[in-house]
Amino acid sequence: MSFIFSGASRNAKLRRPNPPMMQYLGYVLCGLTAGGSMALFAHAVGDTLGVSLLPLAF
């Protein structure tokens, strides 16, 4: 993830567009982070309500 951020900031300083592959990887990492966040949020809400919305423990 730091590779994507450092490359994007370097390209912004040099006023160059990001390569398509770097842009794609940035979107994939953003989607994975958002998906993981929603899964953990659903698990926390389920624990609060006492219902297993997303069973993460076996």
Side-chain angles (χ1 to χ4, degrees):
M1 201 184 266
S2 65
F3 172 78
I4 299 296
F5 285 139
S6 66
S9 66
R10 186 184 68 229
N11 287 338
K13 284 180 190 175
L14 297 174
R15 297 179 186 248
R16 293 189 308 194
N18 292 322
M21 184 56 112
M22 192 170 81
Q23 188 112 5
Y24 173 73
L25 284 175
Y27 283 132
V28 167
L29 287 174
C30 183
L32 288 174
T33 303
S37 174
M38 288 192 306
L40 290 174
F41 182 73
H43 183 67
V45 168
D47 278 352
T48 302
L49 295 176
V51 180
S52 181
L53 294 177
L54 185 67
L56 296 178
F58 299 108

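Values in this document were obtained by computation on a predicted structure and should not be read as measured data.
Of all the heavy atoms in Pro19 and Asn11, the pair that sits closest is CD-ND2, 3.7 Å.
Distance check: Met22 CE to Phe5 CZ gives 10.5 Å after rounding to the nearest 0.5 Å. In this structure, the separation between CD1 on Ile4 and CD on Gln23 is 10.0 Å, given to the nearest 0.5 Å. Between the OH atom of Tyr24 and the CG atom of Leu29 there is a distance of 10.5 Å, given to the nearest 0.5 Å.
In terms of hydrophobic clustering, with Ile, Leu, Val, Met, Phe, Trp and Tyr side chains grouped at heavy-atom distances under 4.5 Å, Phe3 and Tyr27 are assigned to different clusters.
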